[in-house]
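Presented below is the structure to which this report refers.
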Amino acid sequence: MNPKIKKILSKKNKSKIICLTSYTKNFSEILDKYTDIILVGDSLGSVLYSFDTTKNVNLKMMIEHSKSVRKGIKKSLMVVDMPYNTYRNKSEALKNAKKIIKDSKADAVKLEGGKKIINIIKHLRKNKINVMGHLGILPQSQKGKFRYKGKTSLERKRLLADAMLLQKNGVFSIVLECIETSLSKKITKELKIPTIGIGSSVNCDGQVLVTDDLIGLNLTSIKFVKSFYNIRKHIELAIKKFSSDVKNKKYPSSKFSY
Ligand code: KIV
């Protein structure tokens, strides 16, 4: 077993798992000291490319960003999202997962879904690909308005069954996105593998956020996003200073000239 995955599994019921997204080397260099898992999320579609949906993200984009992210990681486990329409059947999924891992040296891939994609996950695991699951809100299949999951008893039963099925078929961890508090608690308690929550309460074994959201670079009004900092203010100060130094011919001074 990948020793980084072993370490993450050993944190269950002991200490919280820290997971954050990164799309570039500079970010992963900063995150790596504090994270257990760095996720190259297909959220890069909306955060970096201003797409309306992650469905527009393709394999090439994910691989190029992952190659950059890899260069900034020393210790965290690196997980890459398999983008939309890259795992529609077993052979397509295996070919693309292998390409992601070969090109970016990622440790694992993440796929959205439960029972519907279980044969694909089985096939990846049979071929020794490390897989992270993702249940709850699934942005790649989202139609219409976002609504938290676990409202009805049928939905709750299905989500728990999906989580158990993913575990049985060898995923090492599951992201739970926007799952009602008591259900995320139950899923976390029932599973031996760790759950990583996003909008799914404090009860999960770990938490993930989109880094650009938490530093206040990407502005969003999503309920579960806490902006821990206002990085925009600092970026603006630097840009303002540059602009004024150029206008006043203070920059570039002789120190910065040849
Ligand atoms: O794409 C992404 O960044 C994700 C996380 C938010 C879990 O899937």
Side-chain angles (χ1 to χ4, degrees), residues 8 16-24 27-28 31 35-59 61-66 68-69 73 76-87 96-97 100 104 106-114 117 121 130-142 146 148-149 159 162-163 166 171-179 184 187-188 193-201 204-228:
I8 285 160
K16 292 284 186 188
I17 297 161
I18 309 299
C19 178
L20 285 170
T21 62
S22 174
Y23 316 127
T24 58
F27 268 81
S28 42
L31 304 182
T35 48
D36 301 294
I37 304 172
I38 290 184
L39 171 68
V40 188
D42 61 357
S43 52
L44 63 81
S46 51
V47 176
L48 294 186
Y49 294 90
S50 301
F51 295 157
D52 293 333
T53 157
T54 57
K55 287 180 187 168
N56 296 335
V57 175
N58 61 39
L59 194 69
M61 291 161 86
M62 291 306 293
I63 289 175
E64 291 311 318
H65 282 283
S66 299
S68 171
V69 167
I73 299 182
S76 300
L77 183 87
M78 178 174 158
V79 180
V80 177
D81 263 341
M82 291 198 66
Y84 182 65
N85 274 354
T86 63
Y87 53 101
N96 290 328
I100 290 173
S104 73
D107 297 293
V109 290
K110 176 163 79 63
L111 278 69
E112 294 182 6
I117 59 159
I121 290 182
N130 295 314
V131 179
M132 186 177 208
H134 186 146
L135 294 173
I137 282 189
L138 308 176
Q140 291 177 11
S141 8
Q142 182 68 25
F146 277 76
Y148 76 83
K149 301 289 176 186
L159 279 166
D162 272 348
L166 287 178
V171 308
F172 71 88
S173 172
I174 307 175
V175 166
L176 301 181
E177 182 160 353
C178 293
I179 292 185
S184 60
I187 294 174
T188 302
I193 54 167
T195 59
I196 310 294
I198 174 159
S200 297
S201 88
C204 296
D205 297 303
Q207 295 293 327
V208 56
L209 272 184
V210 168
T211 303
D212 297 59
D213 292 348
L214 89 85
I215 61 174
L217 182 59
N218 189 48
L219 301 178
T220 169
S221 54
I222 299 173
K223 175 179 162 78
F224 64 75
V225 173
K226 177 173 172 184
S227 176
F228 287 81

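Computation of the quantities below employed the complete heavy-atom set of this structure, encompassing side-chain atoms and omitting hydrogens, waters and symmetry-equivalent molecules. Whatever order the structure lists ligands and atoms in, that order sets their numbers, starting from 1. Counting begins at 1 with the first residue of the sequence.
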Which residue holds the protein heavy atom closest to [atom], what is that atom called, and what is the gap in Å?
atom: atom 6 (C) of ligand 1; result: Ile198 CD1, 3.5 Å
atom: atom 8 (O) of ligand 1; result: Lys110 NZ, 2.9 Å
atom: atom 4 (C) of ligand 1; result: Leu39 CD2, 3.6 Å

*Quick one: are Pro83 and Asn58 in side-chain contact, heavy atoms under 4.5 Å?*
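Of all side-chain heavy-atom pairs linking Asn58 with Pro83, none is under 4.5 Å.
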
_Any Val208 side-chain heavy atom under 4.5 Å of Glu177 side chain_ =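 Result no, sub-4.5 Å side-chain heavy-atom pair not found.
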
Only heavy atoms of [X], strictly under 4.0 Å: list the atoms of ligand 1 that pass.
X: Gly41; result: 1 (O), 2 (C), 3 (O)
X: Asp42; result: 1 (O)
X: Thr21; result: 3 (O)
X: His134; result: 8 (O)

*Find the distance between CG (Asp213) and OG (Ser46) and round it off to the nearest 0.5 Å.*
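So the CG of Asp213 and the OG of Ser46 are separated by 8.0 Å.
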
*Can you measure from CD1 (Ile174) to OG (Ser184) and round to the nearest 0.5 angstrom?*
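Rounded to the nearest 0.5 Å, the CD1-OG separation comes to 12.5 Å.
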
*asked:* Using modelled atom types and a 3.5 Å cut-off, is there a donor and acceptor pairing between side-chain atoms of Asp205 and backbone atoms of Thr195?
replied: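 Flag set: sc Asp205 to bb Thr195 pair under 3.5 Å.
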
*Specify the closest pair of heavy atoms between Ala97 and Met82, including all atoms of both residues, with the distance to one decimal.*
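Here Ala97 and Met82 meet closest at N-CE, 3.6 Å.
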
*Under 3.5 Å, is there a donor-acceptor pair linking the side chains of Tyr23 and Ser43?*
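Side-chain D/A pair, Tyr23 to Ser43: present.
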
*Is the shortest N/O to N/O distance between Asp81 and ligand 1 below 3.5 Å?*
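Right, the criterion is met.
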
*Winner among Ser43, Ser22, Gly45, Ser46 once heavy atoms are compared against atom 1 (O) of ligand 1*: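 The nearest heavy atom belongs to Ser43.
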
